Amino acid sequence: MPELPEVEVVRRGLARWAAGRTVADVQVLHPRAVRRQAGGADEFTALLRGRTLGTPQRRGKYLWVPLGDGLSMVGHLGMSGQLLVQEPEMADSVHLRARLRFADGGTELRFVDQRTFGGLAVEEAEADDPEATPVSLAHIARDPLDPRFDDPAFATALRAKRTTVKRALLDQTLISGVGNIYADEALWRSRLHYDRPTATLTRPAALELLGHARDVMTAALAVGGTSFDSMYVNVNGESGYFSRDLDAYGREGRPCRRCGTPMRRDPWMNRSSYSCPKCQRPPRA
DNA sequence: CCTTTGCCCTGAATGC
DNA sequence: TGCATTCAGGGCAAAG
């Protein structure tokens, strides 16, 4: 599932293979893929045609491609979204949702998304500035790999929340880019249980948790991200290698890499949390 | 205002 | 074998 490292790998792929190219034609094969576009597929297509793609940007799990005139193509991969740069001759996937053809007649940019939680849209940015964030992303916090992420402010805000620590890590308005996988990894590294109230964390503990989240995502990015099946691949269809380095996520019943205790999986918010029952003690009820 | 819940989706895995 | 159910989960609207 694409979280920050996986989206960053895709962003880099777009920078290399799509930036600077001019859109000749757009095809939307599933309306849900452009549901964020107020004017639907027709508007999406009309706004893209003839535009030259700028340098792709990212905040958390969102990415966008500046198009000039204050417009950007904003994308989110959701659960299963892929942006693929493929030769026109390559057969379409049954889950192909949108296609951009370029004026140079070379490779196409294809948006493939099995579960249709992802999407694309052309939107306004606040200014015609490469730093400008699309208006619709104004509520998304900076991510821990952003040089302007404010660590002390994060620690303060985290401790002021009336919630539990894993919920807070997944709150994209507090810290963006962290999903279920890297949340579990950061908590394991911090020896924190997912249900620990944020208000009970000391300031150093909050900063340590942030550091671990940053470290684990940096390490994952260095090896191309985490791939389990074909749910996440880079723009060339290649998998990342971080799944073999995961310490918590998906390791139910396998020994904790720190203490050897069998790892457990708990149902949590209609999904799963993986933790070590010895290293990550639950808070008192 | 802040936090929590439910919904959107499809295919693989599991249950009977 | 085959049909029905469960699970995966990010983001947002709506409820609490």
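Sequence lines set the chain letters: A, B, ... in the order given, protein chains first and strands last, and positions in each chain run from 1. No experiment lies behind these values; they were computed from the predicted model shown.
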Under 4.0 angstrom between [X] side-chain N/O and [N] OP1 or OP2:
X: A:His139; N: C:dC12; answer: yes
X: A:Tyr182; N: C:dG10; answer: no
X: A:Ser80; N: C:dA8; answer: no
X: A:Arg36; N: C:dC12; answer: yes

Which residues pass the salt bridge (Lys or Arg N to Asp or Glu O under 4.0 Å) test with A:Asp266, sequence neighbours left out? A:Arg264
Contacts of A:Arg214 that satisfy salt bridge (Lys or Arg N to Asp or Glu O under 4.0 Å) - sequence neighbours left out: A:Asp151
Close side-chain approach of A:Leu84 and A:Leu109, heavy atoms under 4.5 Å: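 No, their side chains stay 4.5 Å or more apart.
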Interatomic distance, [X] [atom1] vs [N] [atom2] [rounded to whole Å]:
X: A:His76; N: C:dG10; atom1: NE2; atom2: C1'; value: 6 Å
X: A:Ile175; N: C:dG10; atom1: CD1; atom2: C1'; value: 16 Å
X: A:Leu4; N: C:dG10; atom1: CG; atom2: P; value: 13 Å
X: A:Arg265; N: C:dA8; atom1: CZ; atom2: C1'; value: 10 Å
X: A:Tyr249; N: C:dC7; atom1: OH; atom2: C1'; value: 11 Å
X: A:Asp266; N: C:dA8; atom1: CG; atom2: P; value: 12 Å
X: A:Trp268; N: C:dG10; atom1: CH2; atom2: P; value: 9 Å
X: A:Met79; N: C:dC12; atom1: CE; atom2: P; value: 16 Å

Protein-nucleic acid N or O pairs under 3.5 Å, nucleotides 14-16 of chain C:
none

Residue met sooner reading DNA chain B from 5', once A:Arg32 and A:Val94 are mapped to nucleotides: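 By nearest-heavy-atom nucleotide position, the 5'-most residue is A:Arg32.
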When you compare the ring of A:Phe117 with the six-membered ring of C:dG9's base, are the centres less than 5.5 Å apart and the planes under 30° from each other?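 Here A:Phe117 meets both the 5.5 Å and the 30° conditions.
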Contacts of A:Arg16 that satisfy side-chain contact (heavy atoms from CB on, under 4.5 Å) - sequence neighbours left out: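 By the side-chain contact (heavy atoms from CB on, under 4.5 Å) rule, A:Arg16 matches no residue at all.
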Picking from A:Gln172, A:Arg58, A:Arg59, what satisfies side chain to side chain donor-acceptor pair (under 3.5 Å) with A:Asp143? A:Arg58
Listed once per pair and sorted, the salt bridge (Lys or Arg N to Asp or Glu O under 4.0 Å) pairs that draw on residues 245-255 of chain A, sequence neighbours left out: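 Residue pairs with at least one partner in residues 245-255 of chain A: A:Asp247-A:Arg257, A:Glu252-A:Arg265.
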Which salt bridge (Lys or Arg N to Asp or Glu O under 4.0 Å) pairs, counting each pair once, include a residue from residues 179-194 of chain A, with sequence neighbours left out?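 Residue pairs passing salt bridge (Lys or Arg N to Asp or Glu O under 4.0 Å), neighbours aside: A:Lys166-A:Asp184.
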Where the side chain of [X] meets the backbone of [Y], is there a donor-acceptor pair that is under 3.5 Å apart?
X: A:Arg11; Y: A:Thr55; result: no
X: A:Glu87; Y: A:Thr107; result: no
X: A:Lys161; Y: A:Ala168; result: no
X: A:Arg281; Y: A:Leu192; result: no

Would you indicate what A:Arg97 reaches in the nucleic acid, counting non-hydrogen atoms under 4.0 angstrom: base, sugar-phosphate, or nothing? nothing
Could you tell me whether A:His30 contacts a base, only the sugar-phosphate backbone, or nothing, with contacts defined as non-hydrogen atoms closer than 4.0 Å? nothing
Check every nucleotide of DNA chain B for an atom under 4.0 Å from a heavy-atom of chain A, then give the first and the last such nucleotide from 5' to 3'. B:dT3 to B:dG11
Going through the distances and angles, do A:Asp113 and A:Arg32 end up as a salt bridge (charged side-chain N to carboxylate O under 4.0 Å, His left out)? CA-CA 10 Å; A:Asp113 189 11; A:Arg32 199 174 143 76; over 6 Å; no
Distances under 3.5 Å between protein N/O atoms and the N/O atoms of nucleotides 4-6 of chain C, please, pair by pair.
none

Scan residues 156-170 of chain A against DNA chain B and write down, sorted by residue number, each residue with any heavy atom closer than 4.0 Å; if none is found, say none. A:Lys161, A:Arg162, A:Thr163, A:Arg167
With sequence neighbours left out, write down each residue that passes ring pair (Phe, Tyr, Trp, His ring centres under 6.0 Å) with A:Tyr62, or none if nothing qualifies. A:His76
Partners passing ring pair (Phe, Tyr, Trp, His ring centres under 6.0 Å) against A:Phe111 (at least two apart in sequence or in another chain):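 Testing A:Phe111 for ring pair (Phe, Tyr, Trp, His ring centres under 6.0 Å), a comparison that skips the adjacent residues, returns none.
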Listed partners of A:Glu6 passing side-chain hydrogen bond (donor to acceptor under 3.5 Å, both in side chains), at least two apart: A:Tyr182
No-H, no-angle donor-acceptor pair, A:Arg271 side chain to C:dG10 base, under 3.5 Å: yes
